[in-house]
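Here is how names work: the chains are called A, B, and so on, in the same order as the sequence lines, proteins then strands, and each is numbered from 1.
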Amino acid sequence: MDTQDLELIINTLNPQQQEAVLYTDGPLLILAGAGSGKTRVLTNKIAYLNKQFNVPLYNILAVTFTNKAAKEMQERVEKILGTSSAHHSDQWITTFHSLAFKILQRHSEAIGYQKGLVIYDSSDQVSLIKKILIDMDIDIKTIKPRAILNGISNAKNSLITPETLVNKADNSFKETVAEAYTQYQKKLLLNNAMDFDDLLLNLLKLFKEHDDILSIYQKKFQYVLIDEYQDINMPQYMISYLLSSKHKRIYVVGDADQNIYSWRGANLQNILNFEKDYPGAKTILLEQNYRSTGTILNISNEVIKHNKIRKDKNLWTENAVGEKAECFIAHNEYDEAEHVARQISQSIHAGTDPNEIAILYRTNAMSRVLEESMMQLGIKYKIFGGLRFYERKEIKDILAYMRLILNPSDDIALIRIINVPQRKIGKLTIQKLMDKAFEEKKPIMEVIDTMTELRSIQSVQTFRQEINKLRLAWDAGTMTLTDLIMKIFEDTGYKKMLKEEGTQEAQTRSENIQELCASTQESQYTLEEFLSLSALLTSQDEAQESDSTVTLMTLHSAKGLEYDHVYLVGFEEKCLPHVQSLDIPTELEEERRLCYVGMTRARISINLSVASYRSAYYEKANPQDISRFFREIPKDLLNIQLSKKLNTFNHIVSALKDEYDLKIPAVRSIQLVRNKTHYDEDDKNVSYNYNVGDIVTSPMFGEGQVIKTIGQGNAISLQIKFPQGSKLIMPKYGKLTKVE
DNA sequence: CATCCTCACCTTTTT
DNA sequence: GGTGAGGATG
Ligand SMILES: Nc1ncnc2c1ncn2[C@@H]1O[C@H](COP(=O)(O)OP(=O)(O)OP(=O)(O)O)[C@@H](O)[C@H]1O
């Protein structure tokens, strides 16, 4: 039996991969390009350690980049080992942040925290820092809270303490950051809370200050495996170093070309110096790509070669050559989105599994237009990123109640919900409570009784009683999380509030809370586990795999994933590469790596698209140049397709036409000619006579009503409201018929 | 104290 | 195009 399993683990790998799995004597660095099976090696290695050496899974620490990746790896390991190895409860295939949280929860007192740690997500951070800045008499209009938080986060990622930052501050902004940082950490501690960065820092602190505790985990984690090592930051590097410093059984995999998180402290040096930091380390290169077609690999390799700061590597495949990459030149982002949605729709009708299609973009904001097109064509899709479930107002409100029940000194939670639903406790009252708490350096709950002069003190006391009642009920220990959520929802009047609002939106919110409830039905978590988990879960973890849906996400989120068909939209200068990185060579190279990551997600096809004009949210449409990365793709591996909707003169087309074989859309070229002759006639003979209110039919959109006319004569444009939305159409081109 | 309105400004990427 | 701060009004 066992030997069979072992063979299964080994035989599905090529010789280099096998070597990587079998080598267990000391530090191991696996350097490899995209799709070469790095993750597969790690997965099989875990299975191998378990099967060959009987290493229980609880002695193996495997760190992945996202919770989703961790879950996937867990599932794959389970599949290889069979369900018999149900060490379910004590599995450590996880992310650095979850690892830190799990450990810190157990030892919070050792670093000056109490039990019941709370994790602050980014909106909690913002409200806390705002509060601090206001206390510091700083105008949050001139100094943006986000900027301060960035400064703090950068400091943390470089292991700089508040004190050091104060000493290093050499201008007033830095001084502000340093002072805010100091206050921020104090407040967090007071609220028994940590932000994401603190999880790592505090774990490090725990390990550094408590040899005995470190030693427990060094013994526990006999093997340390780390995926995506190129995107590890300083604290993460230190944590993995400490954990493996006794036994040196640390196996890491990474690809320097996929380093895309340097902006949040990921340091390439960590992987480049691995052999130096871990003397005697063995390095294995994986060079065969199993994921993509020859063409896709070729294109990606050519693009990434243009990075100067880079070691070249030889990545090859035995897969079929495959199709050329498509590149669609659209008029604007709407045209682009429509085209992408059409293509996808056709592809799905032709039998493609929607789950095997992904649309990738540089910024979250770009998803909206795409979503609209997907909806119009009735294509089911899911979005990674954007607003997470746990970041929705109503969910956070309920969670805030839960936080306050768990931890009465959580002022942020208190302020969030003290007047939701309304209890006639206004800004002034809250301000006074905050001031008092600030003065006395006590949590708000504890200063309430000293504030008898407040007009709405009665409401505040009632509120406190309400919370205390809920806490009492919970502490009795007979309630499940589901019960608690329902009780909060009903007893606080939240449900009533939503009901009375009566809007569609309120209905949705109510449903979301029900969903939160449902999600706790089967969980075994304690209240604090549940709360912190909810802060750690990202949008990536929430998606249900069951449906057949197309995936939309940012290039960053696509890391580590793979799809048959990849649509890479916004392949433009200022977009990819992003405008903010154009002047900074190192960041430009990171953009190129991002492009490389995106392209190498594809197994079968890459579909690029470019919008000739794109409007950045508040601006009007700006002409866009095609991405420099486009020119780095070998010409013979590209099929360029022009949109029918392009203006007669298009800057991208004229820039490309001498070098590239541009396919003029067949329909359009005929139309052009025909229109040209018509045009002359039109000029003389036809006068378009459309007025607001006219009913028209269009072959493309069906029946609609004119809601606006722009221009006149044969150059008239009509804004027409169709069932699926309003369109701007020129009757000259649009073949409209007037319905009398 | 609550609600409605206006105006400014905006996110690049995420655990 | 949307969110949040701040002001005017009930
Ligand atoms: N030896 C092999 N034989 C067949 N298929 C393989 C082999 N090794 C890996 N694969 C497949 O190749 C694909 C890529 O593997 P994997 O995700 O492990 O690569 P990776 O190096 O982690 O990629 P990336 O760095 O791009 O995320 C997967 O579908 C995997 O199943």
Side-chain angles (χ1 to χ4, degrees), chain A residues 63-70 94-101 119-123 125-127 130 134 139-142 144-147 149-150 153 156-157 194-201 203 228 231-233 235-236 259-266 360-369 372 384-388 390-391 393 419-431 454-456 459 501 532-533 535-541 553-559 570 574-582 584 587 590-591 593-595 597-598 615-620:
Chain A
V63 185
T64 60
F65 201 71
T66 61
N67 290 303
K68 186 178 187 230
T94 179
T95 64
F96 273 111
H97 290 88
S98 304
L99 167 79
F101 176 62
I119 299 174
Y120 274 16
D121 73 9
S122 66
S123 57
Q125 290 179 293
V126 171
S127 28
K130 267 186 196 162
I134 291 167
D139 180 17
I140 50 176
K141 263 186 163 168
T142 36
K144 284 173 243 139
R146 286 268 177 214
L149 281 170
N150 274 342
S153 181
K156 287 182 176 178
N157 286 330
M194 299 182 188
D195 64 19
F196 285 113
D197 300 323
D198 282 339
L199 286 170
L200 305 175
L201 289 185
L203 181 62
E228 310 279 11
D231 272 324
I232 225 169
N233 67 18
Q236 292 168 335
N259 165 246
I260 54 174
Y261 280 94
S262 64
W263 49 272
R264 69 169 212 213
L360 308 181
Y361 37 80
R362 177 66 238 263
T363 66
N364 284 311
M366 293 165 71
S367 71
R368 267 233 337 269
V369 183
E372 277 167 19
F384 284 170
L387 236 214
R388 309 192 257 158
Y390 285 99
E391 274 175 5
K393 228 183 228 123
N419 202 30
V420 184
Q422 280 150 10
R423 297 185 176 86
K424 298 196 190 295
I425 301 168
K427 270 192 205 111
L428 199 72
T429 309
I430 296 174
Q431 189 56 52
L454 284 179
R455 197 172 4 136
S456 44
S459 312
E501 231 173 276
S532 305
L533 215 64
L536 281 172
L537 279 184
T538 71
S539 47
Q540 313 229 352
D541 313 307
M553 66 186 147
T554 63
L555 286 161
H556 281 89
S557 315
K559 175 177 173 133
K574 296 187 192 170
C575 195
L576 181 72
H578 193 266
V579 62
Q580 307 254 44
S581 60
L582 292 179
I584 308 155
E587 291 194 13
E590 182 149 327
E591 296 289 307
R593 291 194 291 270
L594 199 51
C595 176
V597 168
S615 35
Y617 42 112
Y618 49 98
E619 278 169 277
K620 63 176 192 320

Residues forming a side-chain hydrogen bond (donor to acceptor under 3.5 Å, both in side chains) with [X], sequence neighbours excluded:
X	answer
S581(A)	none
S153(A)	D197(A)
R362(A)	E591(A)
T554(A)	S557(A)

Counterpart residues, salt bridge (Lys or Arg N to Asp or Glu O under 4.0 Å), relative to D195(A) (two or more places apart):
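For D195(A), the residues satisfying salt bridge (Lys or Arg N to Asp or Glu O under 4.0 Å) (neighbours in sequence not counted) are K156(A).
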
Test side-chain contact (heavy atoms from CB on, under 4.5 Å) applied to [X] - qualifying residues, sequence neighbours left out:
X	result
T363(A)	A365(A), M366(A), H578(A)
S123(A)	D121(A), K396(A)
S98(A)	N67(A), T94(A), T95(A), L536(A)
K559(A)	F65(A), E228(A), Q230(A), D231(A), I260(A), Y261(A)

Using a 5.5 Å cut-off between ring centres and planes within 30 degrees, is H556(A) stacked on the base of dT13(B)?
no

Check for me: is F96(A) stacked on dT15(B) by the 5.5 Å centroid and 30° plane-angle rule?
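Taking the rule of under 5.5 Å and under 30°, the ring of F96(A) does not stack on dT15(B).
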
Using the closest heavy atom to pick a nucleotide of DNA chain B for each, name whichever of T429(A) or N150(A) lands nearer the 5' end.
T429(A)

Side chain of N419(A): nearest nucleotide among dT15(B), dA2(B), dT12(B)?
dA2(B)

Extract from the structure each pairing of a protein N or O with an N or O of nucleotides 8-11 of chain B at less than 3.5 Å, listing the distance.
{"from": "dC10(B)", "atom 1": "OP1", "to": "K144(A)", "atom 2": "NZ", "distance (Å)": "3.4"}

When all nucleic acid strands are considered with a 4.0 Å heavy-atom cut-off, which category describes K130(A): base, sugar-phosphate, or nothing?
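Sugar-phosphate contact only.
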
When Watson-Crick pairs (N1 to N3 and N6-O4 or O6-N4) and G-U wobble pairs (N1-O2 and O6-N3) count only below 3.5 Å on both distances, what is the dot-bracket string of DNA chain B, with | for other-strand pairs?
|||||||||......

Please report, rounded to the nearest Å, how far the C1' atom of dT13(B) is from the CG atom of L594(A).
7 Å

Would you grab the first and last nucleotide of DNA chain C (5' to 3') that comes under 4.0 Å of any non-hydrogen atom in chain A?
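Span of nucleotides near chain A: dG1(C) to dA5(C).
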
